[in-house]
Protein chains: 4
Amino acid sequence: MTTASAAPPPTRQRLLDAALELFADRGFADTTVGDLEAEAGLSPRAGGLYKHFASKEAVLREALERFVSGAERVTGTAFELMPLGDIRAELTLIARAGVAYFSANGKFIRIMQQERARFPDLVKEMYERAVAPAYALGAAWLQRQMESGFFPRADAQALAIVVMSPFVTYQIDQETFGRPTADVGPERFIAAWVDAMVACARGAVQGDS
Amino acid sequence: MTTASAAPPPTRQRLLDAALELFADRGFADTTVGDLEAEAGLSPRAGGLYKHFASKEAVLREALERFVSGAERVTGTAFELMPLGDIRAELTLIARAGVAYFSANGKFIRIMQQERARFPDLVKEMYERAVAPAYALGAAWLQRQMESGFFPRADAQALAIVVMSPFVTYQIDQETFGRPTADVGPERFIAAWVDAMVACARGAVQGDS
Amino acid sequence: MTTASAAPPPTRQRLLDAALELFADRGFADTTVGDLEAEAGLSPRAGGLYKHFASKEAVLREALERFVSGAERVTGTAFELMPLGDIRAELTLIARAGVAYFSANGKFIRIMQQERARFPDLVKEMYERAVAPAYALGAAWLQRQMESGFFPRADAQALAIVVMSPFVTYQIDQETFGRPTADVGPERFIAAWVDAMVACARGAVQGDS
Amino acid sequence: MTTASAAPPPTRQRLLDAALELFADRGFADTTVGDLEAEAGLSPRAGGLYKHFASKEAVLREALERFVSGAERVTGTAFELMPLGDIRAELTLIARAGVAYFSANGKFIRIMQQERARFPDLVKEMYERAVAPAYALGAAWLQRQMESGFFPRADAQALAIVVMSPFVTYQIDQETFGRPTADVGPERFIAAWVDAMVACARGAVQGDS
DNA sequence: AATGAATGAGCTTTCATTCAT
DNA sequence: GATGAATGAAAGCTCATTCAT
């Protein structure tokens, strides 16, 4: 067991963290290499970043790459705890996981949305490796519910979008405007989503009869 | 002597249009004054923009101001056509209006999301004059439905977020990734949203009994 | 008669002149864009050069291009005044022309010698369009002399190098060391070259007999 | 206990060799310390050079110093083998020595020519210790030939320039353009030079009569 | 002796903005 | 009103050099 297991030099990691933070906050163009260096504890505008990365762009690419790698592993966790037997309990668990997930990964979503024009290839890759799989996961879960009779048999993919979107918007709006949308805190948001889902499921069952 | 309401010189308007287009597409920092001039048919990098606006920032501010002024007038249109008597018809109408609304105004949303750090005051103003009122309108409509017994009596404001979010995410995702989310076209999306709302309403009625 | 015959904007020309001067003196790498701007009367380090040229390299390329275009036209002038009937008079004329030619174009030779590694394509082009033709011209003149019996019949091309080289070295050495080589002024140099050529010619005539 | 004259650490020598090679090829400004380290087998951009030299400039100075020291010893070798009795044999020997000498030392000449503006003191020193003595040596040899009646009594110093220049230009041109000038190989060049010298000498003898 | 990391200085280039025409 | 030129202020990146290991 040699250097292989040694912690990566903290500077490199600090630069990646700074990049994620600042690129999401101000955008790629508005974040200078000096900003990144300063945020990572290096002397600003001295070019120290270039000991660790080939360019400013390379920092972005590696930061996003790390996210996607992580995302591929983590995405499904919440769904794997199912079923719990009680639909309301399940939905609450899912909602909590959804809020937590986007709260943790809002930065990546912002970056994608902001840098789409400059790095189309990156955004495309993120879509294929992170966004599409997430919606597919949600659609699969809905499909199962439909087959169990909890939800109306319908277009599971389209419904996944309808049902999952609020988590995205809720997080992004909060970051954009600096406060919960319409000042509705997370608990109220989660409760409303769960209520709606439960009503939807119940209506489906009734409607089928 | 011409009238005060004479059409503004087309160049000015073309610059505003260009600004909206390019700021939304590439962001404020990545759009140069030369880009704006070229897009507006002026000679690029010649400074012609400064005959019409004091600065690049002034163009952004005026473009957004025009949007908000317009938004204040238009927002409620769809809701004012209600009620139609048939809930499914009403919801379809609302969904169509929602898709059209965000399709038309996605640029403004993008700009707000992207320039929040640079122009916090602008974003705050947009929130108060355009975003909050839109959610309030939705909440008010839901409140009325609840009072009519079509929906479960619940937190109308929180539900408004849950119910309106999909339109935002659907549009932004489409712009970000260059195609409809999960390749679900607008008709499928609208149908799914309406179905969910109907099931939700039906479930509410049943659940109340 | 419109703008076509208008003098080219002086700034552009002044930048080209500055480039030739400074690139020859300090080399391309050691000459900053700010140096060029300052030498051309622009505000240094303000980027004014970029209104006229795409890059520092483009300035070099255009400056050399202008030289070669000019060289192609001028090279042969002195030889075209021949014959004068008197070999010593002819040789003196040629020597004077040679000294003047390299004195005027030493800068280009220096630049080629110095930037060969960085701009191999440029140097190659200069060789083909300016250097090779110059030697060919000398060789042709020698060939004619040989055919007239003034010089020994021999390898005219190789002899051209032997005979023309001194002008190059004399000029370059002077620029390099800041004074005439071995403190031999141009008149002594020219006289020595003519004497040697005359002796050579005479020896040839005798030798042939 | 090792002797004072122990071989210097090879790294130091390798750095000096690399410096000569790269400075001559790309120039001082275009050669980075990292290039030197890499060429000398050190880890590039790690600053290893500074264990052996105080600065990049110090490497240049020492490399040139070594050359001049060597030159002072070697310059005269060929001339010391004279006389051989046969003028053509002598001249051929001299020409061969000349070609070999400049072929070996072209790098130093290039460096002087290129770095004259940046290191005027260095160039001045080289001139005094290497260039002027070389021309003086040639002039002295010519003087002796004149006194022996082989050459016309004339300005030996000026003639030395005329007669020695071709070796310089031939070598430098070859390095600059990557091939023998006018594609005249060394044998043809040497033969032409010897022929010209012989004709010159013969013409002188005849002319004197 | 050698190396990885860090830093101050400087370079090429871009850009928002101004001004004379 | 529009344009070409000019300029101050960065910004990305390179590099000579230093330092701790």
Side-chain angles (χ1 to χ4, degrees), chain A residues 9-12 15 28-37 40-59, chain B residues 9-12 15 28-37 40-59, chain C residues 9-12 15 28-37 40-59, chain D residues 9-12 15 28-37 40-59:
Chain A
T11 300
R12 190 182 168 83
L15 282 165
F28 183 82
D30 267 359
T31 304
T32 74
V33 170
D35 290 340
L36 293 175
E37 288 168 339
L42 294 182
S43 163
R45 297 217 40 122
L49 178 143
Y50 295 92
K51 264 285 162 193
H52 303 276
F53 299 95
S55 67
K56 187 177 153 188
E57 179 175 336
V59 185
Chain B
T11 299
R12 188 182 170 82
L15 282 166
F28 184 81
D30 268 0
T31 304
T32 74
V33 171
D35 291 339
L36 294 174
E37 289 167 339
L42 295 181
S43 164
R45 305 227 42 177
L49 178 145
Y50 294 91
K51 285 287 162 197
H52 302 276
F53 298 95
S55 68
K56 188 176 153 187
E57 179 175 338
V59 186
Chain C
T11 301
R12 189 183 169 82
L15 282 165
F28 184 82
D30 267 359
T31 303
T32 74
V33 171
D35 291 339
L36 294 174
E37 288 167 339
L42 295 182
S43 165
R45 304 227 30 175
L49 177 144
Y50 295 93
K51 263 286 162 194
H52 303 276
F53 297 95
S55 66
K56 187 177 153 187
E57 179 175 337
V59 185
Chain D
T11 298
R12 189 183 169 83
L15 281 165
F28 184 82
D30 267 0
T31 303
T32 73
V33 171
D35 290 340
L36 295 174
E37 289 167 339
L42 295 182
S43 164
R45 305 227 43 175
L49 177 144
Y50 294 91
K51 285 286 160 196
H52 301 277
F53 298 94
S55 66
K56 187 176 153 187
E57 180 175 338
V59 185

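Naming: A, B, ... by sequence-line order, numbering from 1 per chain.
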Subject >> NZ-CG distance between Lys56(A) and Leu15(A), expressed to the nearest 0.5 angstrom >> reply: 13.5 Å
Subject >> 5'-most by nearest nucleotide on DNA chain E - Lys56(B) or Gly34(C) >> reply: Gly34(C)
Original post:
Mind checking who dT14(E) pairs with, Watson-Crick or G-U wobble, both distances under 3.5 Å?
Top reply: dA9(F)
**OP:** Could you tell me which nucleotide pairs with dT21(F) by Watson-Crick or G-U wobble geometry, both distances under 3.5 Å, or answer none if nothing does?
**Re:** dA2(E)
**OP:** Tell me which nucleotide among dT17(E), dC11(E), dT17(F) gets nearest to the side chain of Thr32(C).
**Re:** dC11(E)
**OP:** Send over the distance from Asp35(D) CG to dC15(F) C1', rounded to a whole Å.
**Re:** 11 Å
Original post:
Closest heavy-atom contact between Gly34(A) and Pro44(A)?
Top reply: O-CB, 3.8 Å
Original post:
Got Asp30(A) and Phe28(B) here, is their nearest side-chain heavy-atom distance under 4.5 Å?
Top reply: no
Subject >> Nearest-angstrom distance from the residue atom CD of Glu37(C) to C1' of dA9(F) >> reply: 14 Å
Original post:
What heavy-atom pair brings Ala58(D) and Ala54(D) nearest, and what distance separates the two atoms?
Top reply: CB-N, 4.1 Å
**OP:** Starting at atom CG of Leu36(B), determine the distance to atom P of dA2(F), rounded to an integer number of angstrom.
**Re:** 15 Å
Original post:
Which pair of heavy atoms, one from Lys51(C) and one from Arg45(B), lies closest together, and at what distance?
Top reply: NZ-O, 3.8 Å
Subject >> Contact state string [nucleotides 1-8 of chain E, B base, S sugar-phosphate only, - no protein heavy atom under 4.0 Å] >> reply: SBBBBBBB
Subject >> Rounded interatomic separation in angstrom, taking CD from Glu57(B) and C1' from dT17(E) >> reply: 14 Å
Subject >> Integer-rounded Å distance: dG1(F) P and Phe53(B) CZ >> reply: 12 Å
Original post:
Over how many whole Å does the gap from Asp30(A) atom CG to dA11(F) atom P extend?
Top reply: 9 Å
Original post:
Atom CD of Glu37(A) and atom NE2 of His52(A): how far apart are they, to the nearest 0.5 Å?
Top reply: 9.5 Å
**OP:** Please tell me which of Phe28(A) and Ala54(D) maps to the more 5' nucleotide of DNA chain F, matching each residue to the nucleotide holding its nearest heavy atom.
**Re:** Phe28(A)
**OP:** Hey, could you give me the CG/CG distance between Leu49(C) and Asp35(C), rounded to the nearest 0.5 Å?
**Re:** 11.5 Å
